[in-house]
Every structure is written in C-alpha cells, then in structure tokens.
Amino acid sequence: MAVKFFGQFMVEKGAITRMALLQAIDLQEKTNLKFGEMVIEMGLMGKEDIARIHLAQRSEDLHFGDMAVKMGLITEEQVQQVLTRQRNSHLYIGEALVKVGAISGQSLEKYLADFKRDQAGYVSEKIEIPADVPHQPIWEMVADLTYKMLTRVVGISFRPGPCTVIDKMPGRPIIAEMGFSGSVSARYLLSVSESTRNLVAKAILAEDSVENESVEILDDSVKEFVNIVCGNIAAKAAQLGHSIDITPPEMRDDSAHGIAVPEKHTGLMFPVYLSDGEIFELTIFVADR
Amino acid sequence: MKNVLIVDDSIAVSRQLEKIINDDKEFKVIAQGRNGAEAIKLCQQHKPDIVCLDMNMPVMDGLTALRSLMQLMPDLPVVMVTSLGGVGDKYTEAIRLGARDVISKPFEKESVLEMLRRL
C-alpha cells in the first residue's frame with residue numbers, strides 16, 4: 001500500500017534476494033553514465049571542462065548540459081546527442097536483474113505486469129493546475145497522491161475542488177507542513193479542523209476512539225499523515241525522473257489568522273469537500289525559479 | 001519470542017507499530033527510542049533480537065545510527081521504517097549499510113509481521 005520502485009517490489013515478493021538487487025544496482029551504476037561521464041566517453045569534453053562546469057554550477061542553478069552550452073563547451077545539438085545516447089543505452093533495473101542472473105527474461109515480463117497492477121492505484125489522474133505555474137505535472141501528482149492517501153489511509157469520502165492560486169491561506173486551527181527541495185522547492189501545508197484531525201489520528205493510531213488522547217498525539221498523527229503522503233510523493237517523483245528531498249513535518253503555530261504566501265512563491269490551494277462539511281485543505285507554496 | 005526495539009521520533013508511529021508487533025505472540029516490544037543516538041544506547045542496554053529504526057529522525061538520523069550499529073553489532077537484524085522506502089536511492093543506501101529490509105509506510109499489518117518473521 002505504498003509507492004514502490006521495482007527492485008523493492010521484487011525483494012518484498014521474495015522473487016529476488018537483497019544481495020541480487022545490490023548486484024543489479026551496481027551493474028546499473030556502471031552502465032548508466034551520467035551526463036558528464038557520457039560527454040567524456042563521446043570525446044566531447046575533457047575532465048578539466050567537467051570540473052569547470054561543476055564550479056560554475058555552484059553559483060548558478062543550471063543543469064549540467066545547459067551550463068556546458070552557456071560556457072560554449074558544447075552545442076545544443078551535441079546536448080541532444082548525449083541525451084539520446086544516454087536514453088538508448090539506459091539499463092533498467094529489471095534488465096539488470098536478468099543480466100546478473102537473478103531472474104529470467106521471461107519471468108521479467110510477468111513481474112513487470114504484476115508490478116504495474118500493484119502500482120495502478122498510484123497512477124496520477126488529470127488535475128487542472130492554473131497556467132504559468134512551474135512544474136505543473138509535479139503539483140498534479142502531489143494533489144492526486146494526497147487524495148489517494150486520504151482514501152487509503154484515512155478512509156473517508158470526499159470530493160476534490162478546483163485548484164486556485166491564492167495570496168493568503170485562510171486561518172485554520174491546525175496546519176502541518178513539510179518542505180520540498182531538489183528538483184522543486186516548495187512547502188506542503190495541510191489544514192484540518194479538529195474533527196478531521198481526530199479522523200486522521202484514529203486511522204494512524206489504528207484506534208476506534210481518540211477521545212482520551214493528548215493534543216500532542218493527535219497533532220503527531222497529522223504530521224505522520226503528511227510524512228506518509230510526502231514520502232510517497234518523493235517516491236513517485238523518483239519514478240518520474242525527479243528528485244525530491246523532504247524535511248521532517250512540523251506544526252505551524254501561526255495558523256489561526258491565516259498565512260500569507262511568501263515572496264517569490266506561488267500559492268496553490270486544493271480544497272477538499274468532506275461529506276460532513278469539515279475542513280481538509282492542501283496548500284502548496286511553490287518557489288519561483 | 002523475539003524482543004523488538006522500536007526507534008521513531010513520532011509517538012503515533014511507535015504506537016501503531018507497537019500494537020502490530022505486540023498483537024503477535026512471536027514478538028514483544030521491549031523498549032522504544034526517539035532518535036538514532038537513543039537507538040545505539042538502547043541496543044547496548046537491551047540486546048534486542050530485532051530493531052525497527054526510523055530513517056528520518058532529529059538528533060541522529062536512522063542511517064547514521066545504522067552505520068554505527070553495524071560496526072558495533074554486525075549481526076543485529078535492523079529493519080528501516082520509512083515513508084521514503086519507494087525512493088530507490090534511499091532503499092539501496094539502507095540495504096548497502098546492512099539493513100535486512102525496509103518497511104514502507106503506510107503499514108500493512110501482515111506485511112510487517114511477515115517481514116519480521118523472515119529475519
């Protein structure tokens with residue numbers, strides 16, 4: 001009941017050992033060259049050029065290829081040639097498992113089909129993100145996984161409302177947040193009413209009643225829900241070729257009067273209509289890049 | 001019966017995991033810690049049969065604690081507990097450092113118990 005990568009799925013199923021997985025990953029790492037390694041292999045640059053690009057990347061946030069073009073070390077056309085070569089020679093983990101003899105080529109197809117079925121519940125559905133917001137597919141996925149986890153973990157019925165751009169979050173009694181860095185920079189904020197917090201706590205603690213629980217435990221349950229959702233978002237992002245690091249979840253103690261969207265950020269709000277009329281809102285502060 | 005140590009900064013997660021483990025006759029939770037430094041101390045003190053170690057914790061994170069534990073007690077079965085289990089790099093790092101397995105969140109009771117029985 002979580003977003004997984006294929007190697008983990010295979011170990012969990014008992015189809016391969018963890019040692020076989022490590023062998024396959026080692027083979028992948030030797031085969032799948034990074035952009036800088038590939039340009040050296042193709043004779044387009046030397047090691048000194050790579051070092052110069054890495055140095056320049058410290059002061060300007062550009063991908064390796066874009067920086068190389070900016071510095072006049074390669075052309076746009078050569079960047080495309082490198083990317084094509086990377087794509088064509090890429091060794092996927094399933095193929096690597098076959099190459100190290102962990103599974104047969106025939107069984108790989110069957111396992112991939114099983115994996116696809118296992119992960120089908122985590123395939124993103126179309127959610128409209130307002131135009132001009134950077135990295136739209138990522139925010140679609142973030143909202144979609146939040147809805148899916150709300151169903152799977154908390155088990156409540158709801159209807160998602162349309163995403164809107166906001167300047168300020170409305171005041172809410174309970175807001176848990178988490179930071180994203182890496183491919184995107186953002187804050188993930190989840191607002192809930194006391195009643196919704198109790199529903200989340202019941203699900204996280206696996207208890208029928210949370211009437212006698214302390215506020216600390218109830219808030220901790222909401223933070224844990226955010227942690228679960230964001231961990232699965234990071235896993236899904238990795239499947240889509242992005243890298244998202246998350247910070248530990250925290251409670252906002254300035255939530256009662258609303259929170260203004262920070263400067264150089266876009267505020268996206270995703271309201272969720274619960275059947276009992278209570279509050280559950282996802283807000284994302286997306287940093288402009 | 002196997003004695004289990006749970007180390008997680010979230011009280012909610014520890015409670016949920018403790019319930020799953022203690023409901024099974026084969027296992028018993030003997031102690032709980034809240035960060036990696038406590039994990040090392042509690043392992044030396046209680047000599048557990050299995051350690052369930054959260055990956056993302058304050059003071060000392062789970063992977064740093066795992067590295068130390070594997071030097072002190074190389075045969076100790078440690079399973080990492082994380083919502084990041086699906087991130088290939090994190091999973092691989094844990095296994096490379098010596099974790100026996102990775103428990104992904106949200107928990108599925110039977111999967112957790114099956115994993116502990118395999119150790």
Side-chain angles (χ1 to χ4, degrees), chain A residues 1-9 11-12 14 17-19 21-22 24-26 28-29 93 119 122 149 152-154 200-201 203-207 210 213-214 216-239 243-249, chain B residues 8-23 34-36 54-62 77-112 114-119:
Chain A
M1 207 167 77
V3 178
K4 290 170 193 165
F5 86 105
F6 185 61
Q8 176 189 18
F9 170 80
V11 173
E12 277 186 19
T17 64
R18 61 198 174 97
M19 291 318 293
L21 175 61
L22 289 182
I25 289 168
D26 284 342
Q28 258 193 315
E29 285 174 359
I93 188 68
Q119 295 289 289
Y122 297 99
M149 286 294 174
R152 291 197 181 121
V153 177
V154 187
V200 171
I204 294 292
L205 298 169
E207 298 284 0
V210 290
E213 299 294 350
S214 65
E216 188 195 5
I217 294 269
L218 297 176
D219 283 351
D220 196 52
S221 302
V222 178
K223 283 196 289 183
E224 184 49 29
F225 177 73
V226 168
N227 184 37
I228 291 171
V229 175
C230 293
N232 280 273
I233 286 168
K236 189 75 190 176
Q239 285 179 2
S243 163
I244 293 182
D245 287 320
I246 55 174
T247 57
Chain B
D8 200 308
D9 60 316
S10 162
I11 304 167
V13 175
S14 299
R15 282 255 308 263
Q16 193 188 8
L17 202 50
E18 181 185 19
K19 199 172 173 194
I20 291 174
I21 292 171
N22 280 347
D23 275 354
R34 296 279 169 252
N35 60 58
D54 183 24
M55 214 181 256
N56 195 8
M57 289 184 291
V59 185
M60 183 192 281
D61 68 56
V78 179
V79 287
M80 302 307 289
V81 178
T82 181
S83 62
L84 290 166
V87 181
D89 292 351
K90 298 277 180 193
Y91 181 94
T92 310
E93 193 179 356
I95 298 294
R96 277 196 173 137
L97 285 174
R100 296 289 178 89
D101 222 323
V102 177
I103 300 176
S104 291
K105 295 183 203 174
F107 299 134
E108 283 171 275
K109 185 179 174 180
E110 277 316 309
S111 304
V112 172
E114 246 173 58
M115 192 180 284
L116 296 183
R117 284 188 198 112
R118 277 205 303 264
L119 297 173

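Throughout, protein chains are lettered first and strands after them, A, B, ... in sequence-line order, and every chain is numbered starting at 1.
R96(B) and E29(A) are joined by a salt bridge, as a carboxylate oxygen and a charged side-chain nitrogen come within less than 4.0 angstrom of each other. By the 4.0 Å N-to-carboxylate-O rule, E213(A) lies close enough to R15(B) to be salt-bridged with it.
Most heavy-atom pairs under 4.5 Å with chain B: of the set V229(A), I93(A), L22(A), I233(A), this distinction falls to L22(A). The greatest number of non-hydrogen atom pairs below 4.5 Å with chain B, out of A237(A), P248(A), C230(A), A238(A), is found for P248(A).
With a 4.5 angstrom heavy-atom cutoff, D26(A) touches chain B via backbone and side-chain atoms both.
Taken to the nearest 0.5 Å, the OG1 atom of T17(A) stands 10.5 Å off from the CD1 atom of I95(B). Of the inter-residue distances, the one linking N56(B) atom CG with I246(A) atom CD1 reads 6.0 Å to the nearest 0.5 angstrom. For the atom pair CD1 of I228(A) and OG of S83(B), the computed distance is 7.5 Å after rounding to the nearest 0.5 Å. With rounding to the nearest 0.5 Å, the separation of CD1 in I11(B) from CG in L205(A) is 10.0 Å. The CZ atom of F5(A) sits 4.5 Å away from the OG1 atom of T92(B) when rounded to the nearest 0.5 Å.
At least one donor-acceptor pair under 3.5 Å links the side chain of N232(A) to the backbone N or O of K105(B). Side-chain atoms of S221(A) never come within 3.5 Å of backbone atoms of A12(B) as a donor-acceptor pair (strictly under, hydrogens ignored).
Taking 4.5 Å as the limit, some side-chain heavy atom of E207(A) sits within range of a side-chain heavy atom of K19(B).
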Tabulate below the donor-acceptor pairs under 3.5 Å that side-chain atoms of residues 97-104 of chain B make, not counting sequence neighbours, or state none.
from: R100(B); atom 1: NH2; to: D75(B); atom 2: O; distance (Å): 3.2
from: D101(B); atom 1: OD2; to: R118(B); atom 2: NH2; distance (Å): 3.3
from: S104(B); atom 1: OG; to: Q8(A); atom 2: NE2; distance (Å): 2.8

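Shown here for A203(A) and Q16(B), the closest heavy-atom pair between the two residues is O-NE2, 4.4 Å.
No more than 12 heavy atoms of other residues, nucleotides or ligands shown are found within 6.0 angstrom of NZ on K90(B).
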